[in-house]
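I have placed the structure first, in the form of structure tokens, so that the comments after it can refer back to it.
From a predicted model like this one, the values you see are computed outputs, not experimental measurements. So you know, we letter chains A, B, ... as the sequences are listed, proteins then strands, and number each from 1.
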Amino acid sequence: MKVGVLALQGDVSEHVSVLIACGVYPTTVRRRSELDGVQALVIPGGESTTIAQLARIFDLFEPIRSRIAMGMPVYGSCAGMILLADRILDAKKDQESFGGLDITVRRNAFGRQVDSFESDISFDDGSKDLVRAVFIRAPWVENIGTGVTTLAQVDSHPVAVRSQSILATSFHPELSGDHRIHRYFIEEVAKVALEQVQ
Amino acid sequence: MAQEKGTGRVKRGMAEMLKGGVIMDVVNAEQAKIAEDAGAVAVMALERVPADIRAQGGVARMSDPDMIEAIQAAVSIPVMAKARIGHFVEAQVLQSLGVDYIDESEVLTPADYKNHIDKWSFTVPFVCGATNLGEALRRINEGAAMIRSKGEAGTGDVSNAMQHMREINGEIRRLSSLREDELYVAAKELQAPYELVKEVAEKGKLPVVLFTAGGIATPADAALMMSMGADGVFIGSGIFKSGNPAQRAAACVRATTFWDDPKVIADASRGLGEAMVGINVADLPAPHRLAERGW
């Protein structure tokens with residue numbers, strides 16, 4: 001499977017390292033031609049307003065949006081979750097998202113950096129083991145639409161959700177050294193979605 | 001489930017999210033909005049940009065809390081602010097205001113000429129400047145969660161940033177080439193803790209994100225520093241002391257992302273109007289050089 005990591009801004013190299021550890025050799029995506037070469041995409045943590053703007057300027061915005069709409073498997077962490085959400089609260093004026101995931105997300109919902117935290121949380125992939133989750137000025141999911149499942153919660157707010165081909169977490173598994181979320185994306189989301197397309 | 005705040009991972013992780021981005025100095029809410037609209041990953045709230053501190057002289061201090069709060073209210077991106085070197089009470093004040101990162105900065109007048117702030121005792125993360133690897137590791141040892149190479153702030157002259165970036169990365173490359181039993185002496189020479197020296201030698205990079213700062217005034221300057229191995233760029237006076245701040249800010253953001261693509265940098269450099277006038281670092285008398293503050 002050819003996986004790309006959107007590399008306009010953010011913690012790209014962390015996602016690349018984890019994907020390599022999972023046996024997937026990702027490419028970075030900054031251009032249209034690079035997007036065309038991948039079957040699945042990871043949107044990293046970073047600043048959602050910056051990434052959206054750069055995607056607009058470098059003609060990636062509509063191509064990514066339409067690939068997602070056509071069923072390309074995508075995983076987004078933190079800023080990535082915001083960029084995959086159909087609706088954003090506490091957004092910058094006119095802030096855009098690629099959308100595709102029928103959720104309402106609230107930016108910086110847990111507060112500012114002094115409120116950022118890490119915690120062991122349960123993640124509903126069939127394992128009872130807790131997963132170490134790092135939340136940095138993190139969003140949470142305020143509402144989910146039909147076809148979206150909650151996989152993890154903190155203080156009764158969804159912090160990991162999925163639809164058929166999209167996975168999003170408000171935390172950063174790429175920072176914790178735990179590869180479980182990325183494996184879940186590859187095995188349970190991306191492979192399954194791509195098989196259905198074929 | 002316990003929520004642990006202010007851990008090393010949370011502090012250093014925040015800096016990871018800024019990588020590949022531009023952090024811009026702003027002195028009011030209006031400038032902060034221009035920076036956010038241009039694609040800045042964060043803004044640095046301060047009372048006077050370095051070029052003005054340099055021109056006006058006097059003691060430069062932490063900004064007015066009202067001004068910082070006005071900027072926090074105006075933008076959704078992270079807001080950083082500067083405290084004087086060693087001034088832990090200014091840092092406590094900034095933490096209580098909820099700033100997202102504190103820059104313990106040589107651009108302000110130092111409050112303590114011996115000791116830096118004990119940054120481990122804070123929940124908020126700190127970024128500190130460094131001119132060489134030893135200085136960077138001493139700051140990390142004190143709890144800095146992010147390093148920026150120092151340049152000569154407020155000059156628009158990139159030569160100092162260049163020199164310090166080469167210095168830091170050159171020393172890292174040298175460490176990686178040493179035998180393990182030579183690292184003890186290397187630590188002594190760098191005046192840095194052995195454990196950190198060993199970690200850098202093994203990984204071939206700092207254990208925290210390394211940005212660059214000081215004297216960056218054009219898209220090509222930003223791209224130059226990225227190609228020297230910076231994870232991202234601070235731009236101080238370079239934007240709001242230029243002819244067309246909004247356009248220049250957006251141009252620097254584009255050049256930082258596509259630092260390795262001269263065509264993009266050329267397009268970003270077109271029609272930007274006047275860059276900040278600038279001062280040659282070589283013409284600055286030594287006592288007026290900010291990068292030499294800190295130890």
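- Residues B/T257 and A/R30 come closest through the heavy atom pair O-NH1, 2.8 Å.
- Between chain A and the options B/G13, B/P78, B/A42, B/G20, the largest number of non-hydrogen pairs under 4.5 Å is found for B/P78.
- Looking at A/R137 and B/D100, a side-chain N of the basic residue comes within less than 4.0 Å of a carboxylate O on the acidic one, giving a salt bridge.
- Among the candidates A/D115, A/I57, A/N108, A/V12, the residue making the largest number of heavy-atom pairs closer than 4.5 Å to chain B is A/D115.
- One finds no salt bridge joining A/K93 and B/E36 here, because no Lys/Arg side-chain nitrogen approaches an Asp/Glu carboxylate oxygen to under 4.0 Å.
- When heavy atoms are compared at a cutoff of 4.5 Å, B/A40 approaches chain A solely by way of its backbone atoms N, CA, C and O.
- Looking at B/F122, there are no atoms closer than 4.5 Å to chain A (heavy atoms on both sides), in backbone or side chain.
- If you measure heavy-atom distances from B/V22 to chain A, you find no contacts under 4.5 Å at all.
- Of the residues considered (B/G98, B/G21, B/G6), B/G98 shows the highest number of contacts with chain A, using heavy-atom pairs under 4.5 Å.
- Shown here for A/L175 and B/R9, the closest heavy-atom pair between the two residues is O-CD, 3.4 Å.
- Dense packing is recorded around CD of A/E62, with more than 12 heavy atoms of other residues, nucleotides or ligands lying under 6.0 Å away.
- Between A/S13 and B/K19, the closest heavy-atom pair is OG-NZ, 3.0 Å.
- Using a cutoff of 4.0 Å between basic side-chain nitrogens and carboxylate oxygens, B/E4 and A/R132 are scored as salt-bridged.
- Using a 4.5 Å cut-off on side-chain heavy atoms (C-beta onward), B/V79 and A/R112 make contact.
- Atom-to-atom distance recorded for A/F117:CZ and B/T123:OG1 is 14.0 Å, nearest 0.5 angstrom.
- Judged by distance alone, with hydrogens and angles left aside, the side-chain atoms of A/Q9 form a donor-acceptor pair with the main-chain N or O of B/M17 at under 3.5 Å.
- Interface remark: B/D37 contributes backbone and side-chain atoms alike to the contact with chain A (heavy atom separation under 4.5 Å).
- Neither the backbone nor the side chain of B/A250 comes within contact range of chain A; no heavy atoms are under 4.5 Å apart.
- Chosen from A/E47, A/E118, A/E174, the residue pairing most often with chain B at heavy-atom distances under 4.5 Å is A/E118.
- The shortest heavy-atom contact between A/V114 and B/V99 is CG1-O, 4.3 Å.
- The residue among A/S122, A/A7, A/S176 with the most heavy atom pairs within less than 4.5 Å of chain B is A/S176.
- For the residue pair A/S116/B/K11, the side-chain donor-acceptor check at 3.5 Å is not satisfied.
- The OG1 atom of A/T50 sits 6.5 Å away from atom CD1 of B/I77, with the distance rounded to the nearest 0.5 Å.
- Other residues, nucleotides and ligands place more than 12 heavy atoms under 6.0 Å from the CZ atom of A/F110.
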Could you please spell out the steps behind the side chain to side chain contact (heavy atoms under 4.5 Å, CB included) verdict for B/V10 and A/Q113?
-> CA-CA 9 Å; B/V10 165; A/Q113 173 60 14; 3.6 Å; yes
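- Counted by atom type alone, B/Q3 and A/S119 present zero donor-acceptor pairs between their side chains at under 3.5 Å.
- In this structure, B/K5 and A/F135 have side chains that are not in contact, with every pair of non-hydrogen atoms separated by 4.5 Å or more.
- Shown here for B/S76 and A/R107, the closest heavy-atom pair between the two residues is OG-NH1, 2.6 Å.
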